[in-house]
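These notes concern the structure reproduced below.
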Amino acid sequence: MPDAVLIGIDVGTTSVKAVMLTATGHRLADFAATYPTRRPGPVTVEQSPDDWLRLVLAALTGFADRPEAAQVAAISLTSQVNTHVFTDTSLAPLHPAIVWQDGRAAAEAARLDGKVTAAQKTDWLGAPIPIDASHALARMAWMKRHHPAIWAATAHVLLPRDFLVARLTGRIVSDPISAVGLVTPALQYAKPLIALLPGALKRLPPLCDPLTVAGTVLPGQPFAGVPVVTGVMDAWASLFGIGVASQGQAMYLSGTSEVLGLISPDISGEPGVITFPAWRGITLHAAPTQAGGASLDWVARLLGRDAASLDPAPITAQSPLFLPHLQGERAPLWDASARGTFAGLTTATGPAELVAAVMEGVAFSARLAMEALERSAGMIPGQIQTGGGGAASDRWCQIRADVFGRPFLRVEGRDPGALGAAVMAGVGAGILPDLAQAAAAMIRSDRVFEPDPTAKILADRRFAVWQQLYAQMRPINAALA
Amino acid sequence: MTHTLGLDIGTFETKGTLVADDGTITAIASRPHKMIVPRPGWAEHRADEDWWGDFVHVTKALLAQSGLDPKRIRAVATSAIGPCMLPVDATGAPLMNGVLYGVDTRAAAQIEALNASIGQDRILATCGNALTSQSVGPKILWLRETHPDRFARTTKVLTSTSYLTWKLTGRYVIDHYTAANFSPLYDVNRLAWTDALADILPLSHLPDLMWSTDIAGHVTPAAAAETGLAPGTPVTCGTIDAAAEAVSVGVQFPGEMMLMYGSTIFIIQVTAAPVRDARLWYAPWLFPGAHASMAGLATSGTLTHWFRDQLARDTDFATLAAEAAQSPKGAKGLICLPYFSGERTPIHDAQAKGAFFGLDLTHTRADLFRAALEGIAMGTAHVFDTYRELDAAPSRVLAVGGGTQNAVWMQATSDLAHTPQLVCEKTMGASYGDAFLAAVAIGAVMPDEITRWNPVARTVTPEPTAVYDRQYPLWKALYAQTKDIAHALG
């Protein structure tokens, strides 16, 4: 069915991106629009579910005007996770969505976390995953305590993707990979854990495989009658959108932050990385770092320039170093007190040197994460596949290839989440046989960045000094804040 | 009313001031010149065109502007960038351009050789200072080694003020304060030239040593004809510009300190007893029996200029200063090491580097600029700590230079160094100090009358600041923790 057309939609942290393409990877149309985030208090971060829905419908309405609209075989969605919508029985939101960065439920999280031992968590979840302020149970406990009336009226607690699929199809469903911290290694709800909060389980959507068809688009909406494939969380969808779906493949997703991934059946128990339960032969070792495009945007703001216009200076042994921990660091250090540092500055340092330091520092933080993944997965990938908005800069991709000492294969399209959703739509609707073949058919490579041997030697030396800089800063970081 | 004439030769400009005996300024004139950089690390002025030529031009301009009868000018004093190295022949004619002070680093190899042959401890014991690019001895050795013909014709090696005094009076003189920079040729213990450490040139080839307010001689008829000054007008020995600037704001007696916010922070404190410490610099002061202890950072104005040129090209210092004032004290947790050109006192680490620590996504240019100013202030506080450790804390600090216009910087310095700073009414600089020194030399005023000539206009008072108490020890720790990394970056 070479003429089949697929639609993928990604509801990210700041924008909705959508793509319409053929099953052979020919891009027909795309859509991107940002929506607001509100921060009513120091730790509260909210979005409006209606904003997401409005933009998803705008994307679909635009696509429906295309001549290829009649060939659309399936739609799939992906979204940010650990963001929760509380709705009534008619799927109307009862409260603004509580976004993953929101910390309001910290007290409830601590109370819940104190009720279970590490051994119990390992028993129920396969790993001692902490219950933090972004955990669904903590969010529900917060709602129950602070807004008992809303809690009483709440019929469903949904992820953004769940909410949107439900509004498009009328079917309430989620998938076990996106239900972070709630499922067993066998991909079922961990009922003893969820039972800690009475009333939680009945409000959670039933789980189904990400490649199953959740339902068809309801009449009266664009693409009415077209199947909607359940899909998965954004980091996983991006994996497929970058063309990574088989054992031994490595992902470098570059967005607001850099997310590294590696597929391997072996699990060593390396600390600092996230290992997902095996699904359809894919065991994903993932390491989300904190720095990335956000660091470049920050230095662009500092320099009063547009991030896209920043050109890095060539890196030498004398170039300044940058620790990109502007919001602490996630994988593999998980050090919330870490802070950013520019070191080695001289009067000869200019904007281009600062930009080079930021690009290199972000790449170093990603290399640290990849090394942890390699230990976790017991394998070293020969090539890294990359995509996302932060991969648009050729110079930055070259710096990454030099820092990793390996070729970087960049894929076309800066919307890997939406592309990955489209890949899943193709497999879920039976257009393409499996994820690996679908990714191979639909994701086109753009360019290979080969490491420069001289730059690699320099990068190795500077990476050692960069790690030393972080180690030297550790005892001081807490006191700096 | 009678007058004195002060004239100062700077790196880029010569400035003259005609001052009445009560301190009133009658006329000001100036003339720009260029710093010649024949190759990287070299810095020169042309002695006849830039030094003497400027003197003649500016003096004539002052006389024309004021309409003053030259006989009513009772004395002339000069100061200049220094120490410089100018070889002259038997007729007093320059054999090359004047080699400038520490900005000229041509004698690095000679410094290394002299350190090796003499030993740094011996140099420190005799000269009070280590050899640096500021030292004139290695530059004379450079002349001898690289231009033997020229060296053979040299009968005197002069500094900039010596050359002016020679042209005016026909005498070769130098003040002790400047001579202390002629290491390893000047013995600070005996206040005399020495060839005990190194045989670089016959000591008779060096100018006669005097105190700054000693009368070196009188204007010759030839100099009078050229400048318009009256023949016979007394001319003092003169000194280096920074010392004259210190005098201009009333730094003369023990415990008084000048804190100069220039392209670098430069500090001169007058002390009753010599302060000898490898972390600081020493020289005899301008008058017999008094001593000077100096300190300097490697950057300050150069760092604020770097910041504007690299991070804020679209704006000016006034805007940057206003922005910095919007950032709270402590710059929201940011700390800056100001060592963008290495550091001089007290850590003497040429390989030190600049850094910003504690960065997060909320920090803006305003926070970074405040942090840079506070980082320089911490560098200044480090110098004050060193003085306190040596039981040589200043009793009165007078701030001068362009940075005194920046309220954030001034307040941070007072808070961190725990010292009030006084700013005087007149900001004329060294030439005003020269005019005062000329008046002292002829007994027209007493040395303490500078406070009447140039009264204090405002005081910056230190405020107890908890965030600085927390950050300053961290600032020191950050240097210690990252020193090896800075060195590894070349």
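We name chains A, B, ... by the order of the sequence lines, and we start the count at 1 in each one.
Heavy atoms of B:L311 lying under 4.5 Å from chain A belong to its backbone as well as its side chain. For A:R461, no part lies under 4.5 angstrom from a heavy atom of chain B. Neither the backbone nor the side chain of A:P324 has a heavy atom closer than 4.5 Å to any heavy atom of chain B. Interface residue B:A477: backbone and side-chain heavy atoms are both found under 4.5 Å from chain A. Looking at A:S319, only its backbone comes within 4.5 Å of chain B, counting heavy atoms on both sides. Contacts between B:Y339 and chain A at a heavy-atom distance below 4.5 Å involve the backbone alone (N, CA, C, O). Contacts of A:L323 with chain B are absent, with no heavy-atom separation under 4.5 Å from either backbone or side chain.
Formation of a donor-acceptor pair under 3.5 Å by the B:W306 side chain with backbone atoms of A:G350 is not found in this model. Under a 3.5 Å cut-off, the side chain of B:Q481 and the backbone N or O of A:Q472 do form a donor-acceptor pair.
Side-chain atoms of A:L354 and B:Q310, non-hydrogen and from C-beta on, never get closer than 4.5 Å to each other.
Considering only heavy-atom pairs separated by less than 4.5 Å from chain B, the leading option among A:A343, A:P320, A:A348, A:G344 is A:G344.
Partner of A:F342 under the side-chain contact (heavy atoms from CB on, under 4.5 Å) criterion, out of B:L337, B:L359, B:L368: B:L359 alone.
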